[in-house]
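Since the structure is predicted, the reported quantities are computational estimates derived from the model, not experimental observations.
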Amino acid sequence: MKPQPRQLAEEFLAMLAHERAASPHTLRAYQREIGNFAAYLIEQGGQGVEMHTVDHLQIRGYLGELYGRGLAKASVARSLAAVRSWFQWMARTGHVTNNPAALVATPKLPKHLPRVPSIEQMNHLVETAAAEKVAAWPERDRVIFELLYGCGIRNAELVGLNLADVHWAREVILVRGKGRKQRYVPLGDAAADAIRAYLPSRAAKLGPKSTDALLLNLQLKGNGRLTTRSVGRIVKQISLAKGLPAETHPHTLRHAFGTHMLEEGADLRAIQELLGHERLSTTQRYTQLTVGQVTQVYDRTHPRAK
């Protein structure tokens, strides 16, 4: 008896983990996408369905079902990419003779989505930022990347953060946006850990001096607060060292935050709340999201929330 979909899915995931050393996030994403497709095949053809019988029409049918569930084109495209990779592996290992997913066109993504680094690139960048030799203050620079990408805040909002703006009990930060508008943004576990690791070095750098600023400049000039220009230089230097394009800047990380949440299925209105876009009037006809609802969406969809 030939291997069943779920068995082949497990073997493929094991290969990703051991041979390709895929990140935990990548493994979770593939497990979710391939698991959903395998469940669809079993629902359509029963427990005895064999992968060599699957054709491109069935794959198109599955994508149609995803659209029917209300998934965005980016989410459907991600599902198709996972299915393609799975079939490529099965063809290479002799479980199927060809890759029917190669005959299925990738959904055309909306043109308004910015071109940003992939989730894998961003995770690698953020996780290794403090270890990079160009990091002048590793603990602080890790916080910069975690907050820009992990919270999606603007450069000016980042440097404007005070110690008191970190609300540990509620696991949020108070952000002051454009037009002096304030909003609460969920503080993911990775960002929270980075801040905790940074605070002792911040205290040692300050010595007897005091300032409300969360992020300090190296020379403690003025009130010691880091400037947006310095943040831009730090982000560019470390990003370049990690092989990202020269045009990578703090706003790139903010774009990545919104794009990756959208790709993971987050509601666009929740993303608008989190980003603090000024044109929220365009969403007034919809039910306004509470801070609790926004936090739940963030925890469920953002790759650095946990």
Side-chain angles (χ1 to χ4, degrees), residues 126 137 139-203 205-206 209-217 220 222-232 234-235 250-251 253-258 260-261 266-281 283-284 287-306:
V126 176
W137 188 346
E139 295 86 358
R140 179 203 62 186
D141 295 353
R142 173 71 185 271
V143 173
I144 290 173
F145 279 86
E146 288 287 1
L147 291 179
L148 287 174
Y149 178 55
C151 298
I153 60 179
R154 300 177 176 92
N155 192 349
E157 295 169 345
L158 173 75
V159 300
L161 287 174
N162 295 324
L163 275 175
D165 294 331
V166 182
H167 295 214
W168 295 105
R170 296 178 59 190
E171 298 183 341
V172 297
I173 55 173
L174 175 62
V175 177
R176 296 168 184 83
K178 293 182 178 180
R180 297 184 179 180
K181 292 180 180 179
Q182 298 183 355
R183 70 185 186 280
Y184 287 101
V185 177
L187 184 65
D189 290 351
D193 290 343
I195 294 175
R196 290 190 183 96
Y198 158 70
L199 291 179
S201 66
R202 177 189 181 277
K205 172 71 70 175
L206 269 179
K209 297 180 181 180
S210 65
T211 177
D212 294 332
L214 173 64
L215 297 174
L216 307 180
N217 61 62
L220 297 181
N223 62 1
R225 190 180 295 273
L226 196 63
T227 65
T228 56
R229 179 175 295 182
S230 293
V231 171
I234 292 166
V235 168
H251 213 68
L253 275 64
R254 176 173 160 87
H255 279 321
F257 169 92
H260 293 165
M261 288 194 67
D267 187 291
L268 184 59
R269 290 175 291 124
I271 298 172
Q272 289 175 330
E273 291 277 348
L274 289 166
L275 292 175
H277 285 155
E278 291 185 6
R279 297 182 180 179
L280 289 176
S281 59
T283 63
Q284 284 180 348
T287 303
Q288 291 297 311
L289 297 173
T290 66
V291 173
Q293 289 172 316
V294 170
T295 300
Q296 289 175 6
V297 172
Y298 175 86
D299 287 340
R300 187 176 67 251
T301 61
H302 195 271
R304 301 199 69 75
K306 296 296 182 181

List for me each residue that meets side chain to side chain contact (heavy atoms under 4.5 Å, CB included) alongside Ala192, sequence neighbours excluded, and say none if there are none. Trp168, Leu187, Arg196

Is a donor on one side and an acceptor on the other found under 3.5 Å between the side chain of Thr228 and the backbone of Ala156? no

Check this for me: does any side-chain nitrogen of one of Lys205 and Glu139 sit under 4.0 Å from a carboxylate oxygen of the other? no

Against Leu163, only a single residue in Ile195, Leu199, Thr211 fulfils side-chain contact (heavy atoms from CB on, under 4.5 Å); can you say which? Leu199

Say whether, by atom type as modelled, one donor and one acceptor occur between the side chain of Arg154 and the main chain of Pro250 under 3.5 angstrom. no

In Å, rounded to the nearest 0.5 Å, how long is the span from CD of Glu146 to CG of Leu158? 12.0 Å

Listed by chain and number, what are the side-chain hydrogen bond (donor to acceptor under 3.5 Å, both in side chains) partners of Ser201, not counting sequence neighbours? Trp137

Flag the pair Leu214 / Ile173 as yes when at least one side-chain heavy-atom distance between them is below 4.5 Å, and no otherwise. no

Is there a donor-acceptor pair under 3.5 Å between the side chain of Arg183 and the backbone N or O of Leu274? yes

Closest heavy-atom contact between Val143 and Tyr198? CG2-CB, 3.6 Å

I'd like to check the side-chain hydrogen bond (donor to acceptor under 3.5 Å, both in side chains) partners of Asn155; sequence neighbours left out, ordered by chain and number. none

Are Leu215 and Val159 packed together at the side-chain level, in the sense that at least one heavy-atom pair is separated by less than 4.5 angstrom? no

Could you pull out all residues at least two apart from Arg202 that satisfy side-chain hydrogen bond (donor to acceptor under 3.5 Å, both in side chains)? none

Supply the atom-to-atom distance Phe257 CZ to Leu148 CG, rounded to the nearest 0.5 angstrom. 11.0 Å

Asp165 side chain to Asn162 backbone, donor-acceptor under 3.5 Å: yes

So, does His302 use its side chain to make a donor-acceptor pair with the main chain of Tyr149 at under 3.5 Å? yes

Approximate separation, where rounding is to 0.5 Å, of Ser230 OG and Leu216 CG: 12.0 Å

Nearest-0.5 Å distance that lies between atom CD1 in Ile234 and atom CG in Leu226: 5.0 Å

Is Arg254 reaching over with its side chain to a backbone N or O of Gly152, donor-acceptor style, under 3.5 angstrom? yes

By side chain to side chain contact (heavy atoms under 4.5 Å, CB included) - contacts of His167 (at least two apart): Arg170, Val172, Leu174, Tyr184

Using the test side-chain hydrogen bond (donor to acceptor under 3.5 Å, both in side chains), find all partners of Arg140 that sit at least two apart in sequence or belong to another chain. none

What distance separates Arg225 CZ from Leu161 CG, expressed to the nearest 0.5 Å? 8.0 Å

